[in-house]
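Heads up, the thing below is written out as structure tokens.
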Amino acid sequence: MRQLITRIDDELHGQLKAKAASENRSMNELVTEALSQVVDGPAGHRTVRQRARASGLLAEVQPPENVLSLDELEAATRGLGRSAGEALEADRGKW
């Protein structure tokens, strides 16, 4: 990871510090996100994910540990369609 040293005026520094504090983030994270937006553009994939994560809107779903193969899935659900259809037919007769 590289370090970037730059000069900014006191007012901008204060604004960055206040914004980072209001978002419970570090100034480094805030500045890195801003620089990424310059490089990626405002709609870059990384920028969208970072904004969603920062605002608590990013849902990161972990894939299940055990995923059935197509053959296993077919075997596990074989005959269920017929049962569901029969149950629906039985209900239709009640009304």
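One-based numbering along the sequence shown. As a basis for the values below, the full set of heavy atoms in this structure was taken, side chains included, without hydrogen atoms, waters or symmetry mates. Predicted, not measured: the structure shown is a model, and the values here were computed from it.
Partners of Ser55 under the side-chain contact (heavy atoms from CB on, under 4.5 Å) rule, at least two apart in sequence or in another chain, are Leu57. Among residues two or more places apart in sequence or in another chain, the side-chain hydrogen bond (donor to acceptor under 3.5 Å, both in side chains) test is passed with Thr6 by none.
Between atom CZ of residue Arg51 and atom CG of residue Leu58 there is a gap of 14.0 Å, rounded to the nearest 0.5 Å.
Transitive grouping of hydrophobic side chains (ILVMFWY, heavy atoms separated by less than 4.5 Å) keeps Val38 and Leu30 in distinct clusters.
Taking 4.5 Å as the limit, every side-chain heavy atom of Leu4 sits out of range of all side-chain heavy atoms of Val31.
Note on residues 4-24: pairs passing salt bridge (charged side-chain N to carboxylate O under 4.0 Å, His left out), not counting sequence neighbours, are Lys19-Glu23, Glu23-Arg25.
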Give the C-alpha distance, both sets of side-chain angles, the deciding distance and a yes or no for side chain to side chain contact (heavy atoms under 4.5 Å, CB included) between Arg53 and Glu60. CA-CA 9 Å; Arg53 184 178 288 118; Glu60 296 181 288; 3.0 Å; yes
